Structure formats: structure tokens, C-alpha cells
Number of protein chains: 2
Amino acid sequence: MNENTTGEESSVSDLQSGRLSDFAYSSIKEQLTRGAYKPGHKLPIRSVAEMLNVGATPAREAINRLVFEGALVMVGPKTVIVPHLDLAALYEVTQMRLALEGLATEKGALRATNDVVDKLLSLQEKITLSLDEKRYGDALHDNKEFHFAIYRLCEMPHLLSTIEALWLRVGASFHDLYPEFAEAKYGVHNHLAAIEGLVDKDPSAVRAAMENDIRDGYRRLKKAAQERLKRQ
Amino acid sequence: MNENTTGEESSVSDLQSGRLSDFAYSSIKEQLTRGAYKPGHKLPIRSVAEMLNVGATPAREAINRLVFEGALVMVGPKTVIVPHLDLAALYEVTQMRLALEGLATEKGALRATNDVVDKLLSLQEKITLSLDEKRYGDALHDNKEFHFAIYRLCEMPHLLSTIEALWLRVGASFHDLYPEFAEAKYGVHNHLAAIEGLVDKDPSAVRAAMENDIRDGYRRLKKAAQERLKRQ
DNA sequence: TTCATAATTTTGTTATAACAAAAATCATGA
DNA sequence: TCATGATTTTTGTTATAACAAAATTATGAA
């Protein structure tokens, strides 16, 4: 009774395990990062189960896992929702991102090959093009690719998965306001500086560029969130 | 707590949530940090369920959560074990600890009240006493209390829970070798330096002290682990 | 013995039903 | 209109059974 007629997207962390729990987890996660649910949207187990054509057990497990990760929040003993904008959490996650993504950057910078640099350059081209054509979803996707292409260099899997959890944490509640913050060609300069640092084999320069990128993004997101909150 | 005949009357260490899954989770976690299971020990769902007098569902959920957090590892599609010593993971977690616990320390240092300082001093006394009397379990417990008393100051809950996950991650596989590393009155000097920095309202001094503590611990743990591995 | 293979047991996963508790809805009175 | 209490519906949790797949043990041949 569970034949996944709807499009199933397999994620990176979903390693062909075939577990319905993992399928449900990746599905919800995908929806969240696409901004499919507005903040405040309720996610009852049975609704999720029905939507994904699975039983209650995998749905429940997926939801609980996302709650643990902070991508969803419990606002009552029996109600989990997509989190509302929370500037305190945004600040906190930003601080953690600076520390952890800075670490990953610095540890991996010297391992960048020419292939990686080429990949980054082409990603950056795609990003600028997407921004020009106002395809913000694509721009955000490639922006994430750009960051993680650098973070993967250090080959520290625990670190990488922790960073991924941080992206998901703010992504869930802030995604629907990324477009209005992405318009300003955010990040282009910092990305180019990072690439330059990689070519120059200068880890602290790369780290500085990435930290700048994170801080710039934080400022824009915060501003957009404040305006959004004021308008309501 | 595990000998009730029929009644599932709650247990002592059950932390108020009432969920059997949480009870199972904290129970296993407690056992792990106490070093009750040797590395390589298998944790099948049904055995855990029977041991805790719960059904398969809560046991399964607790185990999967610990796997996800890295406190347990899957070595096959149907086998999760207590992880073996892994120096690469120890290094990785140490780097993350330096970044995150350094961050927490620096952000919270200026908020230390006299009460906190007194608490730290009394904890440090307890630690030295425990070490003198070779009660290493107690020493380790209070050592953790010492660290988190400082980390709590910054009031960043996401950061705190991430740090806790890191402690659990190495704790599970390294706990049974803490005694032989704790003998050397590890940390005393660094702890005192941290307290001094708090009193002086000097955040970077506190951070330096805590980072030193983490690095010292890393070196000792690594050495002990290497000797252990060589001996086998 | 040693290795491969077959037989058997163990194990993880999932759907389901039942239950208690929470949330939503309705009814009633001021 | 609003609050409040009662009722109904919804919901999370858990134990359980069934199934398929993995792990283990037994078996046999070289």
C-alpha cells in the first residue's frame, strides 16, 4: 500500500536504505527547504502519513527527528508546527555557523584542487545568472552547493552533518523570506574572494571571506525579518 | 524501575515528559556515559525493550536517536553497537568542541555572577577530592558540571544542546578509558585559570583557559587510546 | 581443518488498533 | 458579544503481529 506514486526525492543523507522513515524525513525536509509550508503550519502525524502514503510509525519518527534537529517545533504536547521567525535563534545559529563553517573552511582550504576551483567558478556563474533572471530558488540552491563544496574539503563528516543541521534550522522558518533578501546580489563579492583565497593557498583569507558572507547574509536576513514582522 | 510486575508505573530517572521513548533514551544514554557497555557491545531492539520493560517502538526510537547523534553506530543493516575507539572522530569532535565551547565561553563570560563563581569553586574542590580518593566517576561527573555551568551563561539553547551531543559522542566510546587518563589531576590548573578570568571579567582569558583544558584532555585521551590500541 | 552453502533463528521495520489526553467544537448563560 | 463548561473529535503514543531480510548456526564437501 506504499508505492510512492508521488515523486520521491532522495536526499544526500538518505543513503538508499529503503526505510520509509528516511523517505518521510527527506520528503518533509525537502518541502521545508522549499518553503512549502508557512510558519505556523501544523504537521499532524496522520496527515503526513496520508500525504506520503506511509503508516503512522515512519511519519511520527520523521517528524520527531525534525523536532530534535530544530527544523520543527512543538508548541503543545500534541502540536508541532513550522517555526515562526525567531531573531534570537537566527543570531544563535549565525554564531554557531561562524564557528563551525569557519573551522571547516580553514581545515579544508589547502586541499582545494583545480577541479574544485573550477566547480566553484561555474557555480558562481550559475548563481549570478539565476539572480539576474530572478530565479531565487535556483540561486539559493547553488549558493548552498557553493558553501558545501568548500566545507566538504576538510573531510570531517561529523562537522559536515552538524553544519547541515544548522542550515536546516534557519532554512525552515526563514526560507519564505529569502527571495526578498537575495535580490541584492548578495554574496557575489565574498564568494569571489573565497575562490581567490583557495587559489592563493591562504586558508585564513578563505575563512575571512566565508565569515563575511555569513555575516552579510545574517544582516540582510535580520533586516528582512524585522520588516516582515513590523508589517504584520 | 525494571521489576514492575504489570503496572507501568513511572520510574525514578524518568524526566517528567512521560514518554516511554524519552525514558528509554535517557536510560541508554545514562548507561553509555557510565561506561556500562564495552565498545562493540550490540544493542538489539528487543533486548533493550525487555531490559527497560517497554515495547519495541520506544526502544527502537531511542536507539535510532542515539545512532543519529553518533553515540551509537550501525555496523550493518541490523546491528548497532557501542562505537569502538576512533582517533579520527576524537580529533574531529575536539576541533568542534574548541569552536563551540570557545564560543559559548566567550559569549557568557561577562554574565558570571558571584554565585556562579562560588559554584565553580565548590565544584573544583569536589573534583580534586574525588581524584584524591580515586572516585573517577564522580570526578568526571563534576568536571562536566563545571564546564556546563560556564556554557549555560550565554543562554543559547541550540548551542548548548549541540555541545551536549558532542560530549555524548566521544563519551560513549572513550568513557571506559577516562579513569586512566584522569589520574593525573587533569584540568585543575585550567579550571582555576578559567575562574580567575571570570572574576576579572576577561572573556578571552576564560576562553583560552577552557580551550587549554579541551586540548589537554584531547592529548591525554589520545595517548591513552593509542596505548590501549597498541596493547590489543 | 576450512570454506561454502543451506537451514534456522534473530532482528528491524511497518501497519494497525486501542487508549488516554489534548484540541476543537458546541452549548449555554450572562 | 464574550466567557465558560461540556461534548466531540482529533491526535500522540505504545504494544503487537506479520513480514522480509540479515545474522547465526548447522551441514557438507574438499
Side-chain angles (χ1 to χ4, degrees), chain A residues 1-6 8 10 13-28 37 40-69 71-84, chain B residues 1-11 14-28 37 40-69 71-84:
Chain A
M1 209 40 110
N2 46 13
E3 25 138 358
N4 304 341
T5 58
T6 55
E8 77 255 56
S10 62
S13 56
D14 174 11
L15 27 109
Q16 101 272 348
S17 76
R19 289 161 56 181
L20 290 188
S21 302
D22 292 343
F23 164 67
Y25 170 78
S26 330
S27 299
I28 305 175
Y37 305 118
H41 186 267
K42 275 174 47 176
L43 289 180
I45 292 179
R46 284 169 175 84
S47 309
V48 173
E50 191 183 5
M51 173 182 62
L52 301 174
N53 283 320
V54 299
T57 310
R60 174 174 175 272
E61 190 166 84
I63 292 172
N64 278 336
R65 186 169 159 192
L66 288 163
V67 169
F68 290 139
E69 292 180 0
L72 297 174
V73 292
M74 297 195 57
V75 293
K78 299 199 173 183
T79 28
V80 326
I81 63 171
V82 176
H84 289 97
Chain B
M1 112 187 31
N2 45 11
E3 53 142 353
N4 33 10
T5 54
T6 57
E8 59 283 21
E9 207 51 326
S10 71
S11 47
D14 188 343
L15 40 103
Q16 110 251 3
S17 93
R19 287 164 52 177
L20 254 26
S21 302
D22 293 343
F23 164 67
Y25 170 76
S26 351
S27 298
I28 305 175
Y37 305 117
H41 187 266
K42 277 175 47 176
L43 289 179
I45 292 178
R46 284 170 175 84
S47 309
V48 172
E50 190 183 5
M51 173 181 62
L52 302 173
N53 282 322
V54 299
T57 311
R60 175 174 174 271
E61 191 165 84
I63 292 172
N64 279 336
R65 186 170 160 192
L66 288 163
V67 168
F68 178 72
E69 291 180 357
L72 298 174
V73 293
M74 297 194 56
V75 294
K78 299 199 173 184
T79 28
V80 325
I81 63 170
V82 176
H84 289 96

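Nothing here was measured: the structure is a model prediction, and the numbers come from that model. Below, chains carry the letters A, B, ... as their sequence lines are ordered, and counting in each starts from 1.
- Taking only side-chain nitrogens and oxygens, B/Ser21 never comes nearer than 4.0 Å to OP1 or OP2 of D/dT13.
- Residue A/Lys42 has a polar side-chain atom (N or O) positioned under 4.0 Å from OP1 or OP2 of C/dA24.
- One interatomic measurement links the two molecules: CD of A/Glu50 to C1' of C/dT14, which rounds to 17 Å at whole-angstrom precision.
- Among the nucleotides D/dA23, D/dT13, C/dT13, the one closest to any side-chain atom of A/Ile45 is D/dT13.
- Nearer to the 5' terminus of DNA chain C, by closest-nucleotide assignment, is the contact made by B/Met74 (compared with the other of B/Met74 and A/Arg46).
- Rounded to whole angstrom, the span from the CG atom of A/Leu20 across to the P atom of C/dG12 amounts to 17 Å.
- Contact annotation: A/Thr79 does not reach the phosphate of D/dT11 (side-chain N/O to OP1 or OP2, under 4.0 Å).
- No hydrogens or angles were tested; on distance alone, nothing pairs the side chain of A/Lys78 with the base of C/dA23 as donor and acceptor under 3.5 Å.
- A residue-by-residue look at B/Thr57 and B/Ile63 shows that B/Ile63 has its nearest nucleotide of DNA chain C further toward the 5' end.
- Computed from coordinates, the A/Leu43 CG to D/dT11 P distance equals 12 Å when rounded to whole Å.
- Listed pair B/Asn64 / C/dT13 meets the phosphate criterion, a side-chain N or O lying under 4.0 Å from OP1 or OP2.
- One atom, CZ of B/Arg19, and another, C1' of C/dA22, lie 15 Å apart when rounded to the nearest Å.
- In this model, the phosphate group of C/dG12 is not approached by any side-chain N or O of B/Arg60 to a distance below 4.0 Å at OP1 or OP2.
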